[in-house]
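Before any comments, here is the structure.
All values below come from the heavy atoms of this structure, side chains included, with hydrogens, waters and symmetry mates left out.
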Amino acid sequence: MSSGCGIRAIWILNNLDAVVFSRRFPVVEKRWRAACNANNDSDQFFSSLPTNSDLTDAFLDRKHREGSARGFGIRKSNSTLGSDSWVDDPITRHVVGLYINKEEEDIKNLLWPLILHTKGLYSILILPMVEPRHLKAYARLCKRSDCGTALGMDDGLSSLLLDLPSVTGAFMVAHAIGDIITGDTVEPEVIVSAAPSVGGLFDSLTGSIGISSRAKPVTPPVTSASPSITSVPGSVTGDAPKIGSRPLDKDALRTFINSSMPFGTPLDLNYSNIFTIKANGFSATDLPPSEQKQPAWKPYLYKGKQRILFTIHETIHAALYDRDEIPDTISVSGQINCRADLEGLPDVSFPLAGLHRASLEVLSYHPCAQVSDQGLDKQGVMFSPPLGNFVLMRYQATCALGPPLKGFYQLSMVSEDKGAFLFKLHLMEGYKAPLTMEFCTVTMPFPRRRIVSLDGTPSVGTVSTSEHSVEWKIVTSGRGLTGRSIEVTFPGTVKFAPWKNQRLSSSRSSFGNDADEDSDNEAENASNMVNEEHLMEKMNKDLPPVELEEPFCWQAYNYAKVSFKVVGASVSGISVDPKSVGIYPAVKAPMEFSTQVTSGDYILWNTLGKCPNVATIKR
């Protein structure tokens, strides 16, 4: 991380908007005051950091003014001059400003930039160090009469933030703290072969069931807290402990902050390293090599059997509409996880192939890596590996092979409490061996309705129902689909429990003119035909609240969600050739490479119903 990143203060608020943890860094604050004095700006800015109570009041005031903790990020009719929404940029939902004295919204009372990160029940605010001229530039944006940033102009908020690497560092700090307070500190998964390795009886026994010991630092034996070897077969266990869902662990936070960002300068945000150092400490044998500089991300030197593991893990997000007027959207987010159990401080290099085919949109590397171009479709990557599992690279790409599942889903309400549905899907079309679909499940959620009965038989797979969902298992574990594609169908009807206390008049008042139009249509079609649109509106009035985890079921939206896992190769085209991996100084270390592709938000929208969509620019 850049040495220019400094953190002035950290605040953590709970769901009641009360500060439950705060930390200020006087060294960085002294640098801020020196910068203000150097430009004779000491009287123009907020002279000192606010108290917790003042910050809480300012946060609540902004929450009330913007409509929510994040706000909308766009200028609305009720936006006020000087507010974040007045800037008219969606980034203001994450980089916010607070006026400590709400009665006088002036630059002297403005605290900016505050990185806002919400995780679990907590709101995390990070205040990085910026130059006074950057604060002045943002204050001018808050007073501009025009909206947004014109195309080609370089005086907008995004251009300003590009000149502030400390904001990027503050985002990393916020995410690291969010993972700690919610217990989400598990290391990235690295898949290992289930075949036994050559290297003694212990390696043969543990390798055959997929258990691998973690990278052990060179430390004296510690009688307390020995690492557990219980793990999912085929994966390497992480070093970091789970904090779980218990209340905020302030001791863990203090330990992390003191070790990862001494005096407010972030150095190493790897919680696994921090925990290992706290648990094991250092001994007289932990001497750094005299001829090389030991990086912060590798506090201990590895000793043991040497090997390198690479895993490409991709997640496919898709919204499939099966409509001429709405294009399907498919994207791939991926990362290359690595574990390099190598003695000393070697450098590892390899060519990363498939970049052109993947049409990468976003690409970022771990701080330990250096990158050089080797042509249109390749990049040379060299890195000094940290201890344990780590994410070497993250990227956003297109799905070069096309969607592993495509088709349509239709649901039509034939009466108020009965719906007819039809699935017609193609699986693994265009996918060839060694690509294998290990499992595939389609779920129809109905969180607003209670299912009474289901009638229908799929062409392939099994069906099960719960009170609020229908689950169709097309491909089950142990019966993977390799080297061929299949077409599956599932027609059927689902019956729901009847609604009670449902009134047409309230439905009309809720839907306004649309409800009146539906009433006219009903009068015109007074025969036995059922007005489907009227039924959908009637069913969506006075409905019970839906859990926030199912936002797509609000209003009249209905969909089916797909879950699957594909192994054998990446769908983006990104690849690593184990034979091209080099180590300097040269050592003999076996290398393993694996891939897995899983579904993210993979949605089949009802072709016959309402659905949300976003207009995209045609390229």
Side-chain angles (χ1 to χ4, degrees), residues 187-193 234-236 307-318 328-340 347-386 389-406 428-438 482-483 564-583 590-602 619:
E187 286 187 344
E189 184 182 23
V190 176
I191 307 299
V192 298
S193 173
S235 65
V236 176
R307 63 174 181 174
I308 300 179
L309 308 174
F310 290 99
T311 294
I312 293 182
H313 187 185
E314 294 185 336
T315 303
I316 303 181
H317 305 277
D328 297 338
T329 59
I330 304 170
S331 64
V332 177
S333 60
Q335 61 187 49
I336 298 181
N337 300 336
C338 179
R339 184 184 185 100
D347 290 327
V348 180
S349 62
F350 67 91
L352 182 66
L355 302 181
H356 180 67
R357 185 184 182 192
S359 300
L360 294 180
E361 298 176 354
V362 178
L363 180 62
S364 63
Y365 288 92
H366 189 278
C368 72
Q370 300 179 35
V371 183
S372 62
D373 292 332
Q374 294 185 351
L376 182 63
D377 198 45
K378 285 186 178 181
Q379 275 189 348
V381 181
M382 183 174 69
F383 62 97
S384 176
N389 304 353
F390 69 100
V391 180
L392 176 61
M393 162 188 164
R394 286 187 172 91
Y395 57 90
Q396 296 282 340
T398 58
C399 191
L401 296 178
L405 180 146
K406 58 184 179 181
M428 301 293 283
E429 186 174 341
Y431 284 60
K432 300 179 181 179
L435 284 159
T436 301
M437 178 174 280
E438 291 192 344
T482 307
F564 59 79
K565 181 179 180 181
V566 176
V567 298
S570 67
V571 296
S572 66
I574 294 288
S575 63
V576 175
D577 183 5
K579 296 180 181 179
S580 301
V581 177
I583 305 174
M591 302 174 195
E592 293 186 25
F593 172 74
S594 60
T595 61
Q596 67 173 12
V597 181
T598 56
S599 57
D601 291 327
Y602 204 101
R619 299 178 180 178

Heavy-atom pair with the smallest gap, counting every atom of Ile316 and Pro404: CD1-CD, 3.8 Å

Nearest-0.5 Å distance that lies between atom OG in Ser372 and atom NZ in Lys378: 12.0 Å

Heavy-atom side-chain proximity of Val348 to Val581 below 4.5 angstrom: yes

Distance (rounded to the nearest 0.5 Å) between Leu352 CG and Asp577 CG: 11.5 Å

Inter-residue atom distance Cys338.SG - Phe383.CZ, 0.5 Å rounding: 4.0 Å

Atom pair CD1 (Ile583) and OG (Ser349), whose distance is rounded to the nearest 0.5 Å: 9.0 Å

Test side-chain hydrogen bond (donor to acceptor under 3.5 Å, both in side chains) applied to Thr595 - qualifying residues, sequence neighbours left out: none

Closest approach of Ala400 to Ser572 (non-hydrogen atoms, all atoms of both residues): CB-O, 3.4 Å

Set of side-chain hydrogen bond (donor to acceptor under 3.5 Å, both in side chains) partners for Thr598, sequence neighbours left out: His313

Listed once per pair and sorted, the side chain to side chain donor-acceptor pair (under 3.5 Å) pairs that draw on residues 394-406, sequence neighbours left out: Glu314-Tyr395

Non-hydrogen atoms of Ser384 and Asp347 that approach each other most closely: CB-OD1, 3.8 Å

Which residues share a ring-ring contact (aromatic ring centres under 6.0 Å, His included) with Phe310, sequence neighbours left out: Phe350

Any side-chain heavy-atom pair of Arg357 and Leu355 under 4.5 Å: no

By side-chain contact (heavy atoms from CB on, under 4.5 Å) - contacts of Ala569 (at least two apart): Leu435

Ile312 vs Ile574, side chain to side chain contact (heavy atoms under 4.5 Å, CB included): CA-CA, chis, key distance, verdict: CA-CA 8 Å; Ile312 293 182; Ile574 294 288; 4.0 Å; yes

Side chain His317, main chain Asp601, donor-acceptor under 3.5 Å: yes

Within-4.5 Å side-chain heavy-atom neighbours: Glu438 and Gln596: no

Met591 side chain near Lys579 side chain, heavy-atom distance below 4.5 Å: no

Atom pair CE/CE of Met428 and Met437 - distance to nearest 0.5 Å: 5.5 Å

Under the side-chain hydrogen bond (donor to acceptor under 3.5 Å, both in side chains) test, residues paired with Thr436 that sit two or more places apart: Thr482

Check: Phe390 ring centroid to His366 ring centroid under 6.0 Å: yes

With sequence neighbours excluded, residues passing side-chain contact (heavy atoms from CB on, under 4.5 Å) with His356: Leu376, Asp377

Under the side-chain hydrogen bond (donor to acceptor under 3.5 Å, both in side chains) test, residues paired with Gln335 that sit two or more places apart: Asn337

Test side-chain contact (heavy atoms from CB on, under 4.5 Å) applied to Ser594 - qualifying residues, sequence neighbours left out: Ile191, Thr311

Non-hydrogen side-chain atoms of Ile336 and Val391 separated by less than 4.5 Å: no

Minimal non-hydrogen separation, Ser570 against Leu401, with atom names: O-CD1, 3.9 Å

Pairing residues for Phe564 by the ring-ring contact (aromatic ring centres under 6.0 Å, His included) criterion, not counting sequence neighbours: Tyr602

